[in-house]
Amino acid sequence: MMKILSYRTAVIALVVLYITGCKQEEYQVPVPESGLQNDCIKKSNGPNMPGVDMEFMYAIAIQKSEGKLVSAQVEASIAGASETYIDRHSYHTDDNGQDVGVIVTEPSTNEGLTTKVNFSLDTNAATLRFFYRPSLASVDQEVSFVFSATSSNGQTVSYNMGPYKIRRMERALNISVADGQQSFISIEDMKAYNATDASSRSEAIDLVYLHRTIPGITFGHALIAPAADAIYRPGLILPAGVRRDAKILKAWNIRDIQLEPNVTGNNTFVYLDDEDFKSIDLQAAPNYAINMKAQSGVWIETTDRKYRAFVYLNSVNDAGKSAVLSIKRYRM
Amino acid sequence: MRKYQYTFLLILTSIFLTKCSEEYPIDEDGLLITTRTSAYVGSFEILGSDFQTVRTKVAVVDTVAQTIDVEVHFGTDLSRLYPQFSLVTDAKLEPKITGFVDFSNLASPLQWTVISGNRKIRKTYTVNLTVQQPTP
């Protein structure tokens, strides 16, 4: 009896498996939704900060039979800097994965909180890129965006993005320094000065770049506070009034991609954030850093404790006794 | 009767298994105390605040004199150095290194003791640190 039952069960199971397993599902071409559609993603990564664009991709489409795109706009909760804009191009990727842009709108205009474009090309689908540059006024606040678009049949769609916290950090990229020339660095100004200009900004000079080749020791590229002991700034003549101190701590393997945005290659990067500057303890740090290498950096606290900063050496030139550096700064 | 035979066999096996597991003692750090009597430093490294080496050359470890001579680059921040000892198998170091160490008092070299695997041999090493100087 058991054998008969097992046999029957097995046959039924096989038949069911055959019927369900061999069922072929026909591919159905998706039916596009009717009406104006939109979608949005944030393309840029990392902390949002003044002077660094936040990039969004806004896709809008309507069926050809229903109309075409007329305009698109973005309303921010906090007005961006004047560099805020919507790219005139609609982008798609080619077979090699490269972005290909086609001009589809008039140049964008900023008015108050709103950035707007009108379509100049008859099109029923586009992906626009919006670049929002946070202003200093938005620091420590959260910003949100409402993306919207209109079509020729009178329809309007919108898409909310955010909120996004704007950090207190600021940055300055690619500051060229050279021994004996543009070598006096101000964290407050995020600039390098020559001796003459440094003398007139003496109260703001926190660092001096120098390069020395000294027999018996490895000195090379150095960042020192003007108040550092003379043995760490051999042969350096300080301009009148330049005498500030600073806490300086060498760092390695902190490669912030926001300080090296155009780098290529398979490297490991990090993002320094407000919290890193708030939490680092520099009280026991010395006031000099010598033998600096490319892609290394120093943490700095100004003597008035007004700023903490990370100075990154993008490149160094031994023969030219020069370097290119970038600064990320946090106002305490 | 057969049931009792199996129970008896099981008890015997349990006794055999537990009797054969030898207990190794552990020390106050939870480390195994072994029979090894060696206590020496194999090599020595010293890192700066950026966790990069600050040595100018390989440190000289003298296992007879129990000294480690190391020269660091000119300008090294001596108050924040991270020494690293490579020890013989099963040995341990005292005091423990848990972070940066202040070497700035060069007149008073720091000392660490290597303790053998059996925890009975103790050898104290002195780290003599010098700073690279410009050639006159």
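Here is the naming used below: chain letters follow the sequence lines, and residue numbers restart at 1 for every chain.
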**Q.** Value rounded to 0.5 Å, distance of CD1 in I33(B) from OG in S116(B)
**A.** 9.5 Å
Q. Between the side chains of K328(A) and Q258(A), does any donor sit under 3.5 Å from an acceptor?
A. yes
Q. Chain A heavy atoms under 4.5 Å from Q52(B): which part of the residue, side chain, backbone, both or neither?
A. side chain
Q.
At a 4.5 Å cut-off on heavy atoms, which part of S49(B) comes close to chain A: side chain, backbone, both, or neither?
A. both
(Q) Between D229(A), L249(A), I214(A), who has the most heavy-atom pairs with chain B when the cutoff is under 4.5 Å? (A) L249(A)
Q: Under 4.5 Å, counting heavy-atom pairs only, tell me which of V131(B), T56(B), T76(B), D77(B) racks up the most with chain A.
A: D77(B)
Q | Check: F310(A) ring centroid to Y330(A) ring centroid under 6.0 Å | A | no
Q | NZ/K42(A): more than 12 non-hydrogen atoms of other groups inside 6.0 Å | A | yes
